[in-house]
Protein chains: 2
Amino acid sequence: MPVSGSLETLKNKGYKVTSQRRAILRVLDGENRRLTAREIHAMMRDIQPRVSLDTIYRNLRLLVGIGILHQISLSSGAVFELNGDIRHHHHHLVCVECEKAVCVSYCPATREYSERAAEEGFTLLGHSFELFGRCADCSKKQN
Amino acid sequence: MPVSGSLETLKNKGYKVTSQRRAILRVLDGENRRLTAREIHAMMRDIQPRVSLDTIYRNLRLLVGIGILHQISLSSGAVFELNGDIRHHHHHLVCVECEKAVCVSYCPATREYSERAAEEGFTLLGHSFELFGRCADCSKKQN
DNA sequence: TTTATAAATAGTAATATTCCTATTTATACA
DNA sequence: TGTATAAATAGGAATATTACTATTTATAAA
């Protein structure tokens with residue numbers, strides 16, 4: 001039950017489970033590709049006709065912050081996908097030329113970081129890790 | 001010679017050394033705090049009166065992409081600082097409530113990642129790593 | 001130095017993202 | 001089940017960021 005797990009997480013961290021948040025997760029769960037905030041907004045209008053863009057952006061930020069979603073920053077804007085136990089947790093290798101994003105299957109957020117965060121008095125909620133580079137095709141073109 | 005080192009890097013990676021890029025680096029080098037794109041733009045007008053915001057944003061993205069700058073994404077917008085050999089290379093622990101950003105002194109981009117990137121045919125240029133959480137003060141407030 | 005060239009820029013239009021505030025709603029608890 | 005309360009939302013205004021294109025400029029090579 002992917003989405004319901006995220007809703008649990010929300011609740012456990014002290015956030016309310018609203019119909020808008022449910023809808024955002026449902027839309028992302030139903031698509032097998034990364035979506036922009038606009039796309040999510042458009043797809044939600046069927047079930048949430050009056051949802052505002054502000055709500056989308058605010059919640060995407062929250063969901064990324066607590067690790068339920070993954071944000072990939074492309075020069076043309078940000079795209080989002082489910083993360084964590086829902087889909088296999090991972091990070092991305094992004095081509096700075098063509099914006100192709102390849103998944104990288106392991107994660108740098110080791111216990112070491114949690115400890116360091118704790119030393120600073122922080123309660124860790126999530127993390128982001130992105131690698132930038134040029135893909136094979138774009139490297140060739142440059143030569 | 002901090003700034004000149006970055007200019008070398010630019011040249012080595014095949015990018016031109018323009019007066020606008022020099023000015024961006026000089027402004028960041030002169031300040032001891034993180035700056036927004038707007039602030040950089042404002043501070044550059046003394047030496048580059050006609051510089052456009054587009055140029056600032058385009059170059060900040062480039063400089064982050066190739067690892068010369070560091071971008072910290074706050075909910076109120078992005079801020080930038082020098083990175084790499086110029087200042088000591090590091091990452092950040094950001095409070096999602098109050099936006100306080102603490103430096104974390106070590107880096108997850110090990111040789112392992114370079115190898116993985118190489119397998120995918122990518123030439124690595126840089127990376128970003130950010131930890132999100134609640135700082136001590138904001139954690140207290142919530143209880 | 002002069003020239004050819006692709007890359008970078010300025011200026012402006014178009015989008016994306018965030019801010020603000022009155023109103024609505026999920027949640028805890030009586 | 002009602003009610004109180006803080007959190008969340010809608011709607012629109014304000015900013016931030018990116019896109020587009022004609023022009024300028026850094027660079028390499030003659």
Side-chain angles (χ1 to χ4, degrees), chain A residues 4 6-25 34-42 44-45 47-66 69 71-80 96-97 99 134 138 141-143, chain B residues 7-25 34-42 44-45 47-66 69 71-80 96-97 99 134 138 141-143:
Chain A
S4 63
S6 304
L7 300 179
E8 286 283 325
T9 306
L10 267 178
K11 207 163 200 173
N12 292 340
K13 303 213 177 195
Y15 299 101
K16 292 183 177 174
V17 175
T18 65
S19 60
Q20 292 85 346
R21 286 172 180 168
R22 260 199 301 267
I24 290 174
L25 292 170
R34 294 157 193 149
L35 299 174
T36 64
R38 287 264 173 195
E39 288 172 326
I40 294 170
H41 185 240
M44 274 179 63
R45 304 200 95 161
I47 32 179
Q48 291 280 330
R50 302 192 154 221
V51 67
S52 83
L53 257 174
D54 181 40
T55 297
I56 307 287
Y57 280 106
R58 187 166 18 80
N59 282 316
L60 287 175
R61 202 176 7 176
L62 170 70
L63 294 168
V64 168
I66 64 179
L69 297 187
Q71 169 167 359
I72 306 174
S73 311
L74 307 176
S75 65
S76 54
V79 290
F80 300 86
V96 299
E97 300 287 345
E99 306 205 330
R134 280 207 194 78
C138 293
K141 276 179 213 155
Q142 202 171 51
N143 298 341
Chain B
L7 300 178
E8 287 282 325
T9 305
L10 266 178
K11 208 164 199 172
N12 292 340
K13 304 213 177 197
Y15 299 101
K16 293 182 178 173
V17 175
T18 64
S19 60
Q20 291 84 348
R21 286 172 180 168
R22 259 198 301 267
I24 289 174
L25 292 170
R34 298 157 189 148
L35 299 174
T36 65
R38 288 266 172 192
E39 287 172 329
I40 294 170
H41 184 240
M44 273 178 64
R45 305 200 96 160
I47 32 179
Q48 290 281 330
R50 302 195 152 217
V51 68
S52 84
L53 257 174
D54 181 38
T55 296
I56 306 288
Y57 280 106
R58 188 167 15 79
N59 283 316
L60 286 175
R61 202 172 9 172
L62 170 71
L63 294 168
V64 168
I66 63 180
L69 296 187
Q71 170 168 358
I72 305 175
S73 311
L74 306 177
S75 66
S76 56
V79 290
F80 300 85
V96 299
E97 302 287 345
E99 305 205 331
R134 280 209 194 78
C138 293
K141 277 180 212 156
Q142 204 172 50
N143 298 341

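Convention: sequence-line order gives letters A, B, ...; per-chain numbering from 1.
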Worksheet item: Please give, in whole Å, the distance from C:dA16 P to A:Q71 CD?
Response: 15 Å
Worksheet item: Would you say a side-chain N or O of A:Y57 is under 4.0 Å from OP1 or OP2 of C:dT18?
Response: no
Practice prompt. Just call it for A:S76: base, sugar-phosphate, or nothing, with non-hydrogen atoms closer than 4.0 Å on any strand.
Written response: sugar-phosphate
Worksheet item: Does B:A23 offer a backbone N or O that forms a donor-acceptor pair with the side chain of B:Q48 under 3.5 Å?
Response: no
Discussion item. Let me spell it out: for each of B:Q20 and B:D54, pick the nucleotide of DNA chain D with the closest heavy atom. Which residue's pick is nearer the 5' end?
Written reply: B:D54
Item to complete: Name the nucleic acid region contacted by A:S19, choosing base, sugar-phosphate or nothing; use a 4.0 angstrom heavy-atom cut-off, strictly under.
Response: nothing
Discussion item. Between A:Q20 (side chain only) and A:T55 (backbone N and O only), is there a donor and an acceptor less than 3.5 Å apart?
Written reply: no
Fill in: Nearest-0.5 Å distance that lies between atom CZ in A:R22 and atom CG in A:L7
6.5 Å
Practice prompt. Starting from the 5' end of DNA chain C, give me the residue, B:E99 or B:T55, whose nearest nucleotide shows up first.
Written response: B:T55
Discussion item. When you measure from the side chain of B:R21 to the backbone of B:K16, do you find a donor-acceptor pair of N or O atoms at a distance under 3.5 Å?
Written reply: yes
Worksheet item: Which nucleotide, D:dA8, D:dT27, C:dT9, lies nearest any side-chain atom of B:R58?
Response: C:dT9
Practice prompt. Send over the distance from B:K11 NZ to C:dA8 P, rounded to a whole Å.
Written response: 13 Å
Discussion item. Whole angstroms only, please: what is the CG-P distance between B:L10 and C:dT9?
Written reply: 10 Å
Worksheet item: Does the side chain of A:T18 get closer than 4.0 angstrom to OP1 or OP2 of C:dT25 through an N or O atom?
Response: no
Worksheet item: How long is the line joining NZ of B:K16 and P of C:dA6, in whole Å?
Response: 10 Å
Worksheet item: What is the nucleic acid contact for B:S75, judged by heavy atoms within less than 4.0 Å: base, sugar-phosphate only, or nothing?
Response: sugar-phosphate
Worksheet, complete the sentence: Comparing B:R22 with B:A37, nearest DNA chain D nucleotide closer to 5' gives the residue B:A37
Discussion item. D:dG11, OP1 or OP2 - any side-chain N/O from A:R50 closer than 4.0 Å?
Written reply: yes
Worksheet entry | Heavy-atom side-chain contact between B:R38 and B:L53 under 4.5 Å | yes
Worksheet item: Contact class for A:R38 (heavy atom, under 4.0 Å): base, sugar-phosphate, or nothing?
Response: base
Fill in: Gap between atoms CG and P, on A:L62 and D:dT9 respectively (whole Å)
9 Å
Worksheet item: Please give, in whole Å, the distance from D:dA7 P to A:K13 NZ?
Response: 18 Å
Worksheet item: Roughly, in whole Å, what's the span from CG in A:L60 to C1' in C:dA16?
Response: 13 Å
Practice prompt. Specify the separation, in whole Å, of atom CZ of A:R21 and atom C1' of C:dA26.
Written response: 10 Å
